[in-house]
Amino acid sequence: MRFGALIIALLIADCRWQIDLPIQPHFINQSALNSLTSAIPLASTERARVLSLANLYMTRVPETITASRAARSAGGPHDLFSEGDYWWPDPAHPDGPYVRRDGESNPDNFVDHRRALVRFSVEVPALTAAWTLTSEDRYAAHARRHLRAWFVDPATRMTPSLEYAQAIRGIVTGRGTGIIDTIHLVEVARAIEVLRKGGALPDGELQPIRAWFTEYIRWLTTHPYGIEERDAKNNHGTCWVMQVAAFASVTGDEAQKEMCRVRFKTVLLPTQMAADGSFPLELARTKPYGYSLFNLEAMTTICQILSTPSDNLWSYQLPDGRGMRKALEFMVPFIKDKTKWGHPRDVQYHDEWPMRHTSLLFGGVALDRPAYLELWKTLKPDSNVEEVVRNFLIRQPLLWID
């Protein structure tokens, strides 16, 4: 049996089907694998949760952004539209341009397109995970319906660009900042890869999906909004790299993946991480706890997507020791016991965090830290708080741990 298939069989031995994904041996050394399989039998741990969710989602028809027209959008019905979260009417000039209140989400913003995208990001990975557990094609078939609706069907597909995202009334019709809205396609991209490698996404259906992502990568890497977001100094720059890496995995664009590896090592780590492993630009926000967790989640997802036997981002360190091991060592104690957090409370949703962050799972396996895996097991995997769901982007570990 191939090494990758052997590992998968160990991880999900109670399944009738194993995902035959190529494994990258540096991720899971034998000690880490033993820790994972003894501490977290993923298939049995996830089975009831995944199937319960997937069976609910089987009853829902695909719905894309074309189902909701945004009256304030400068774009068309296929263009995703959202409004800047922290922008509010100016009390001194109610009919004038909006003003910023960092960390305070405006409940009157148009959110229908974002909600549709989040729903897509929740349902397709869950359906795909259910398929990996059961081998029942009905789950994969329903996932394919969603994929066709969003990426292929001319009547319902989303335009592969974000020119009208995070608009600000009275100021701008769209911003590079809005690119962060499509972080919810990262786990969808992973589901596409799992379906493809398992033979559940025929080439005739895969190719137009790949074409959509190819066009979106081109836009992300050439449009002024994409360049602006790439060069953002905080979690927005991290999420740009994470997205390009995930989408390039779908298209098979190795040049873009290598660009992302280089950027992680030469830009993200040097400019965002302090000597103690913290992220100062996130700590300076009005939601320092939530933003620190979010940026860590994005960075560890980059490592999970891009690390190779010859270029292991998990073990990579700057000359002064900064790297992912340091980042996890800083944040994990505050995930374990939030009362020890020495920075200000988040202005909103502080009590809703932490969740079952995959930074603990990915880092626990890659760095051979069983304590991280044990902590991961104790945390809640799902939330019904919309703000948490929107900022919690990796939900189906069965799709990620080979």
Side-chain angles (χ1 to χ4, degrees), residues 1-25 27-28 33 36-37 40-55 57-58 62 120-152 185-213 245-254 257 301 304-306 308 358 361-362 365 394-402:
M1 182 181 291
R2 291 171 49 208
F3 181 60
L6 173 60
I7 289 178
I8 296 158
L10 289 169
L11 286 174
I12 52 177
D14 61 335
C15 299
R16 290 181 292 156
W17 176 85
Q18 290 89 39
I19 313 171
D20 187 19
L21 298 180
I23 197 71
Q24 294 171 345
F27 279 155
I28 307 179
L33 176 59
L36 177 62
T37 53
I40 308 175
L42 277 179
S44 58
T45 297
E46 291 294 284
R47 191 179 191 90
R49 167 184 171 264
V50 167
L51 295 183
S52 175
L53 293 171
N55 288 334
Y57 302 153
M58 285 291 294
F120 179 49
S121 78
V122 169
E123 295 188 5
V124 166
L127 291 164
T128 303
W131 172 72
T132 69
L133 286 168
T134 65
S135 299
E136 295 181 24
D137 187 64
R138 62 192 183 102
Y139 294 118
H142 202 50
R144 292 194 297 268
R145 292 186 192 103
H146 283 276
L147 295 173
R148 287 194 296 270
W150 277 87
F151 301 130
V152 181
L185 293 180
V186 168
E187 197 163 53
V188 170
R190 184 67 175 189
I192 291 167
E193 284 295 277
V194 171
L195 291 169
R196 178 188 69 81
K197 291 173 182 176
L201 187 59
D203 190 65
E205 294 194 55
L206 173 64
Q207 292 310 317
I209 294 170
R210 276 184 165 166
W212 191 98
F213 280 103
F247 307 154
S249 296
V250 172
T251 65
D253 191 334
E254 293 300 323
K257 290 169 70 175
T301 301
Q304 191 72 5
I305 293 170
L306 292 178
T308 69
T358 45
L361 180 63
F362 294 165
V365 174
I394 304 298
R395 309 177 185 95
Q396 299 300 337
L398 285 172
L399 305 184
W400 294 88
I401 297 296
D402 296 344

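Annotation for Tyr139 and Leu127: closest pair CB-O, 3.4 Å, computed over non-hydrogen atoms. Here the shortest heavy-atom pairing between Gly204 and Pro208 reads O-CD, 3.2 Å. Closest of all the heavy-atom pairs between Tyr57 and His142 is O-NE2, 3.3 Å. Contact detail for Val50 and Ala126: the closest heavy-atom pair is CG1-O, 3.8 Å. Contact record, Ala246 with Val186: CB-CG1, 3.9 Å, taken as the closest heavy-atom pair.
Put simply, OG1 on Thr128 and CG on Leu195 are 4.0 Å apart, with the number rounded to the nearest 0.5 Å. To the nearest 0.5 angstrom, Leu147 atom CG is 4.5 Å from Ile209 atom CD1. The OG1 atom of Thr308 lies 14.0 Å from the CD1 atom of Ile305; values are rounded to the nearest 0.5 Å. Between atom CZ of residue Phe247 and atom CG of residue Asp253 there is a gap of 13.0 Å, rounded to the nearest 0.5 Å. Between the CZ atom in Arg138 and the CE atom in Met58 there is a gap of 5.0 Å [rounded to 0.5 Å].
Remark: side-chain polar atoms of Glu46 are not paired, donor with acceptor, to backbone N or O of Gln396 under 3.5 angstrom. Arg144 places no side-chain N or O within donor-acceptor distance of the main-chain N or O of Glu205, the cut-off being under 3.5 Å. Between the Ser52 side chain and the Ala48 main chain, no donor and acceptor come within less than 3.5 Å of each other.
For the pair Ile394 and Trp400, the minimum side-chain heavy-atom distance is below 4.5 Å. Looking only at side-chain heavy atoms (C-beta outward), Glu187 and Ser121 stay at 4.5 Å or farther from each other. Looking at heavy atoms from C-beta onward, Val152 lies out of side-chain contact with Trp212 at the 4.5 angstrom threshold. With a 4.5 Å cut-off on side-chain heavy atoms, Glu193 and Leu201 do not count as touching. Between Ile192 and Leu206, some side-chain heavy-atom pair lies under the 4.5 Å cut-off. Side-chain contact check for Val194 versus Trp131: some heavy-atom pair is nearer than 4.5 Å. Residues Ile401 and Phe362 meet the side-chain proximity criterion, which asks for heavy atoms closer than 4.5 Å.
Side-chain atoms of Arg190 and Ser249 include no donor-acceptor pair closer than 3.5 Å.
Here Asp203 does not pair with Arg210 in a salt bridge; the nearest charged N to carboxylate O distance is not below 4.0 Å.
Ring-centre distance between Phe120 and Phe151: below the 6.0 Å cut-off.
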